[in-house]
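Chain A is the first sequence line, chain B the second, and so forth, proteins listed ahead of strands; every chain is numbered from 1. All heavy atoms count here, side chains included; hydrogens, waters and symmetry mates do not. All of these numbers come straight from a predicted model, not from anything done at the bench.
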Amino acid sequence: MTDIVLWGVLPYVMVAILVGGSIWRYKYDQFGWTTRSSQLYESKLLRIASPVFHFGILAVIAGHFFGLVIPQSWTEAIGMSQDFYHFNALFVGGIAGICTLGGIILLIVRRRTTGPVFMATTKNDKTMYVVLVAAIVFGLWTTLASVFLGEHGHNYRETVSPWFRSLFIFQPDIGSMAAAPFSFHLHTLVGMLLFAIWPFTRLVHAFTAPFHYLFRPYIVYRSRDIGNAPGARGRQPGWQPVGTRDRDRR
Amino acid sequence: MKVMAQVGMVMNLDKCIGCHTCSVTCKQAWTNRAGTEYVWFNNVETRPGQGYPRRYEDQDRWRGGWELNRRGRLKLKSGGRVKKLLGIFASPVQPELNDYYEPWTYDYETLTEAPLGDDFPVARPKSLITGEDTKIEWSANWDDNLGGTSQLGHLDPIVEKIRKESEDKIKFEFEQTFMFYLPRICEHCLNPSCMASCPSGAIYKREEDGIVLVDQDRCRGWRQCITGCPYKKMYFNHKTGKAEKCTFCYPRIEVGIPTVCSETCVGRLRYLGIFLYDADKVTAAASVPDERDLYQAQLDLMLDPNDPEVITAARAEGIPDDWLDAARRSPVYHLAKVYKVALPLHPEYRTMPMVWYVPPLSPVVDLLSDQGHDAEDADNLFGAIEALRVPVEYLAELFTAGDTEIVTRVLRKLAAMRAYMRGISLGGDPEEAVAASVGMDGERMYDMYRLMAIAKYNERYVIPKAHVEQAHNLEEMGCSLDFEDGPGMYPSEAFGEASGRPTPVAVENFYALKQRQTTGGHAEPGELRGRVNLLNWDGRGVPRGMFPEQDNPQMSTDSPAHSGGASGPGPDAAGPGPDAGGPSPDSGGPSGQAGPGGNPLESRP
């Protein structure tokens, strides 16, 4: 029963909150949708810690994709042995994880010790940091623990990964997930919590990563039309204003 | 040819007395909020000096503006798109608060609340960032009037450059120095590098009037614009996490009234008007290989509003006739292109800035009169311009990428105007030779004099209104008859007061002030309609909303039973005793910062 709730119901609740919350926030809080950068206050530590953390976590995300989405049978089909896979996961994943953890610890130390930065830290931020660090620590633990446990540790590609994929076809493979060790359960649960609070924290800035910058023209012209300004009603259907429209734009 | 209109400004530096009124009124209007304490959309720098933020002109360090790559194409000095995205997690060359200054206030409360003692209480400076005691070490105009120049003057990047080229020519001994003021706002460039740097695409140039704005809803706080702008006129609001900049007071411009900085300028040195330019040629003009050709390239972009071809093309682009008429009367066009006395600031940044400057002749005039010469004689002035290489070189570094010839030509024109008009004032015959010596005739000389020296309000500011047909598109709705007779004339919308569209604040201020200055009676505070607008308040009565809701029973007038507390007498009878004067008006905390009710403009994108 507990397993059904944890691995069959909670993931969907989390997704509902994540998607619904993000849509809600995007619609109603564009103004609050920002990185809330503190670089103006302090730059020296940030210049090291922030890239280490961010690039680290991008690598971690890539690793999660590789481990969770790509089935073991596929990697074996191209001749990648479990040994080789595991070595990579441990080595690359370990380095990325340690960078991420080191980066965020440095960022939190900076946040706590730099007066203005600490003053600009909200309760929301603090809660978010607790969950984020917990997710990183437990995740790193599952990776590093495999060094000390058995030959390769637990092969999550036979338990967690099938369950993860099964969620997308709405046939949650609860049994597989339930069979995974406690450390994986913990990491998954904290991860789900992180995604659930995501839309309501400053983490939302990740959802508007500006990839379109690579493609847009440098100079942006915009008419002063404010149809979508906050509080403004767009043009209503109905009668056109009477008079000459001498600045009709195509 | 794609004709576009651009609202531009020209500042006549000879008239600037460095009073900072523009800065103060601008700050009151736009940046008197938490998060923008250190921000001055308009600031006045004393030159030579480091400027604000310190040494912002040192682009080797700050990497602002554009440069040409090996193939001769424009490229952001701080790097291309991929490099920008890779550096997004910690902007590599963003100025820190210390490069601006740490804003502060004073602990005024101590002055009234300190216990009786032998020493006078002092109001200590408190940082507005940390709230702690602070030591004031710098500000937006710390080196005002060359203050500290003997120690810090060499830190001016331009002085540094000229000195390197000519071994210690600029001396900072008081008697040999020169000085002028440089008021700066956002340049509203034709080729803005802040916009090109913005990963989110939140910065945009308005098609109709060329004003560059930040969409507050789309800005995500990546901070690349701050690096991108070579003038460092992009600011990071550290409370909202968004970039902010000078808005060219677009709500005022849209209804045909000048910007706050221009309107309040004591020296009346600012000119506002529109330029017509060819938008298709901007990139080519910004890419000319030699920096010293950039001024001419920019000048060539500006189209002649009397040219029938331009008029046809402008109409085809939908520019209305009254805008074309305004372009023909535009004072900025005349100063920049007809008289050719206005120059763009730092054209070498290749952003095509649209706030232009008439360089100051005053360093020359001052020196001549100090030495006992006739500072209004054309020959004396011409000679001095030639002789005073240092001020001319300095001005050239500011306005023409180092081309002293152009600056000399402008200064000679100003000198000729001075001498020519002096001749007329003294009742003599106009000396046409003086006018001819700078390639002008008497009539044009007089027109230029009228525009620059007399500078009537209607000639300084030629601002076409945004069009009524587009009223539904305006951020601030245009004037209509509702506002004609002042603040008493607001109609209530269908659902009573405050329903429907809000009254444009700029319009409200404008008419309220006008009414107050012309009416015989009182301006009723009741007409403030619940929102506190101190500009409209004539000091009579206390408008609703001026102070925070009262939770202090002593302040309450309708419950005298509670008043006074243990000390007995009600508030009316509160005696001179030091603790009976208790109720302090700022019970709501330091509300002076944001102002109760805030500035209604601030929430607009």
Where does Phe215(A) contact chain B at under 4.5 Å (heavy atoms): side chain, backbone, both or neither?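 Contact with chain B: backbone only.
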Could you give me the CA-CA distance, side-chain angles and deciding distance for Val214(B) and Thr247(B), then say whether side-chain contact (heavy atoms from CB on, under 4.5 Å) is met? CA-CA 9 Å; Val214(B) 183; Thr247(B) 62; over 6 Å; no
When the ring centroid of Phe168(A) is compared with that of Phe164(A), is the distance short of 6.0 Å?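 Here the rings of Phe164(A) and Phe168(A) have centres that are less than 6.0 Å from each other.
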Residue among [options] with most heavy-atom pairs under 4.5 Å to chain A:
options: Ser197(B), Gly221(B), Pro199(B), Gly241(B); result: Pro199(B)
options: Val282(B), Asn237(B), Val212(B), Ile129(B); result: Ile129(B)
options: Arg315(B), Glu132(B), Met195(B), Arg218(B); result: Met195(B)

Contact origin within [X] toward chain A - heavy atom pairs under 4.5 Å:
X: Ile203(B); value: backbone
X: Cys198(B); value: both
X: Val82(B); value: both
X: Ser193(B); value: neither
X: Asp209(B); value: side chain
X: Leu97(B); value: both

Any idea how His64(A) and His187(A) line up, ring-wise: parallel (<30°), tilted (30 to 60°), or perpendicular (>60°)?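 Ring orientation, 0 to 90° scale: tilted.
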Does atom [atom1] of [X] have more than 12 heavy-atom neighbours from other groups under 6.0 Å away?
X: Lys83(B); atom1: NZ; answer: no
X: Phe195(A); atom1: CZ; answer: no
X: Tyr221(A); atom1: OH; answer: yes
X: Tyr26(A); atom1: OH; answer: no

How many angstroms lie between atom CD1 of Ile88(B) and atom CZ of Arg220(B), to the nearest 0.5 angstrom?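 Between atom CD1 of Ile88(B) and atom CZ of Arg220(B) there are 12.0 Å.
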Would you call Asp133(B) and Lys126(B) a salt bridge, using N to O less than 4.0 angstrom? yes
How about residues 53-62 of chain A versus chain B: which residues have heavy atoms under 4.5 Å apart? His54(A), Phe55(A), Leu58(A)
Distance to the ring centre below 6.0 angstrom and angle to the axis at most 45 degrees; does that hold for Arg54(B) and Tyr101(B)?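 No, Arg54(B) and Tyr101(B) do not form such a contact.
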By ring pair (Phe, Tyr, Trp, His ring centres under 6.0 Å), which residues pair with Phe118(A), not counting sequence neighbours?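 Ring pair (Phe, Tyr, Trp, His ring centres under 6.0 Å) list for Phe118(A), sorted by chain: empty.
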